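Count residues from 1 along the sequence. Order of listing sets the numbers, starting from 1, for every ligand and every atom in it. Note that the structure is a prediction, hence the values are computed from the model and not measured.
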Amino acid sequence: MRKKGILITGAAGEIGDALIRNLAQQGANRIITLDLRPLPAENMKLVTHVQGDLMDEKLLSRLVSEYEIDTIFHLAALLSTRAEFTPELAHQVNVEGTLGLLKLASEQSQWRNEPVVFLFPSSIAAYGMPNLAVKAQFPHVREWEWNYPRTMYGCNKLYCELLGTYYSQHYRQLAAERPVMLDFRGLRFPGLVSAHTLPSGGTSDYGPEMLHAAAKGEAYVCFVREDATIPFMAMPDAVTALLALAAAPAATLSRRVYNITSFSLSAEDFRDQVRRYFPKAEISFKPDLRRQGIVDSWPAGLNDNDARRDWGWKPEYDLLRSFEEYLVPNIRQRYQ
Ligand code: AKB
């Protein structure tokens, strides 16, 4: 008989690191992780890790021959800045990788005669504010507003949201018999800030980079303007949201993709927060106009009313608590 399990892709990444520890603490039955990279030793002992490529169909078939996957956290992705250097590769990983997993989850839902729950981290990058005036006019965007991404990564995320909705509601709609659909659930994350991992390849990275540099006593040159504003969230809240949405009864969900947020602040506010704890931090601003353009196209804030109403979403870490209780104590310890 196949062993039941939860699959996490991109498990060696930022969210994966925190999600593994949280799931293991919860005593999840079996965690199978997939990533091109090995996991840190402390996480390796909590999971069954498969070091391999998401695009490797044989590997995925071997996985489902051995495990009955009931939930997928599909975290693997090339982030916005990195994707701009290799757009076609980003499309392959972000879209074809996701499509391969949706196909797998759809087949497993048939096999099990029960939907596989498919968690998908989308992003504020799915939005595209045409200019700063409109960005100021819409300080808290709704899920259906300004879905005009201007990065490959943003296009990938928006398209995969639509693919997930298709596989959950319309897959094989012309077949004589309606297949058992998978259960796709997406979250549009703001910029995430972790105390335990450094971001890689994103455009919201200036926030966490600034903080980690200050803790290391290194000078930091911020690549966006002082007034550049986007929403952020502390990593524990991101993991709480993924797990809460995964556990929510399907009947309570009015949409397939939800905005969630915690706090919005400008780059200079971020600097001031960092300086509250690291007064000697050398932080200067030298905007990279092209990366600045990406951040300007992202909303200053999100409206997450639907998530709050449908599955009781509420961030535990506001700005002050994020720094005071989570980021600074853990980052200090990390670099001591
Ligand atoms: C990025 O900067 O690419 C990501 C994101 C906002 O989705 N952190």
Side-chain angles (χ1 to χ4, degrees), residues 9-10 12-19 73-87 89-91 93-95 97-98 119-129 135 141 143 146-161 164 186-212 222-225 228-239 241-242 257-267 270 287-288 290-302 304 315 322 327:
T9 71
E14 279 197 277
I15 307 176
D17 177 78
L19 180 63
F73 292 91
H74 176 37
L75 310 178
L78 285 186
L79 300 185
S80 56
T81 287
R82 181 167 297 163
E84 286 309 306
F85 291 108
T86 56
L89 174 65
H91 177 88
V93 174
N94 296 346
V95 173
T98 302
L119 276 298
F120 181 72
S122 184
S123 164
I124 50 175
Y127 293 106
M129 315 306 286
K135 181 166 174 165
V141 293
E143 286 87 348
W146 305 107
N147 289 192
Y148 311 117
R150 58 174 274 172
T151 61
M152 173 54 92
Y153 169 76
C155 296
N156 298 161
K157 287 295 186 186
L158 188 59
Y159 179 48
C160 288
E161 291 176 7
L187 287 172
R188 285 194 180 158
F189 279 123
L192 298 180
V193 194
S194 169
H196 302 291
T197 50
L198 263 167
S200 60
T203 317
S204 64
D205 296 3
Y206 60 87
E209 285 173 355
M210 200 188 272
L211 178 57
H212 281 261
C222 182
F223 59 77
V224 297
R225 283 187 323 272
T229 300
I230 56 172
F232 283 96
M233 179 183 287
M235 190 57 80
D237 273 333
V239 171
L242 277 171
V257 178
Y258 288 90
N259 279 346
I260 53 163
T261 191
S262 179
F263 50 88
S264 287
L265 77 174
S266 68
F270 211 114
D288 169 331
R290 289 162 304 168
R291 294 181 88 183
Q292 179 69 64
I294 294 174
V295 170
D296 285 345
S297 76
W298 291 348
L302 300 177
D304 57 8
S322 295
L327 290 167

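K157 forms a cation-pi arrangement with F120, by the criterion of a distance under 6.0 Å to the ring centre and an angle within 45° of the ring axis. The side-chain tip of R188 does not point at the ring of Y258 from less than 6.0 angstrom away and within 45° of straight on.
Close approach of ligand 1 to G202 is summarised as follows: ligand atoms under 4.0 Å from at least one heavy atom of the residue are 1 (C), 2 (O), 3 (O). The L79 neighbourhood of ligand 1 comprises atoms 3 (O), with distances under 4.0 Å to a heavy atom of that residue.
Closest protein heavy atom to atom 8 (N) of ligand 1: S204 OG, 3.0 Å. Closest protein heavy atom to atom 2 (O) of ligand 1: T203 N, 2.7 Å. Counting protein heavy atoms only, atom 6 (C) of ligand 1 is closest to S123 OG, 3.6 Å. Among protein heavy atoms, the minimum distance from atom 1 (C) of ligand 1 is reached at S80 OG, 3.3 Å.
Looking only at atom types and distance, the side chain of T203 has a donor-acceptor partner in the side chain of T81 under 3.5 Å away. Judged by distance alone, the side chains of N259 and Y127 do bring a donor and an acceptor atom under 3.5 Å apart. In this model, no donor atom of one side chain and acceptor atom of the other lie less than 3.5 Å apart for S194 and E14.
When non-hydrogen atoms are compared, ligand 1 lies under 4.0 Å from neither the backbone nor the side chain of A125.
Within the 4.0 Å heavy-atom cutoff, F189 does not count among the residues contacting ligand 1.
An N or O contact shorter than 3.5 Å is missing between W298 and ligand 1 by distance. Any N or O atom pair closer than 3.5 Å counts here, and Y153 shares at least one such pair with ligand 1.
Less than 6.0 angstrom separates the ring centroid of F270 from the ring centroid of F232.
Listed here is the closest heavy atom pair of I15 and P121: CD1-CB, 4.5 Å.
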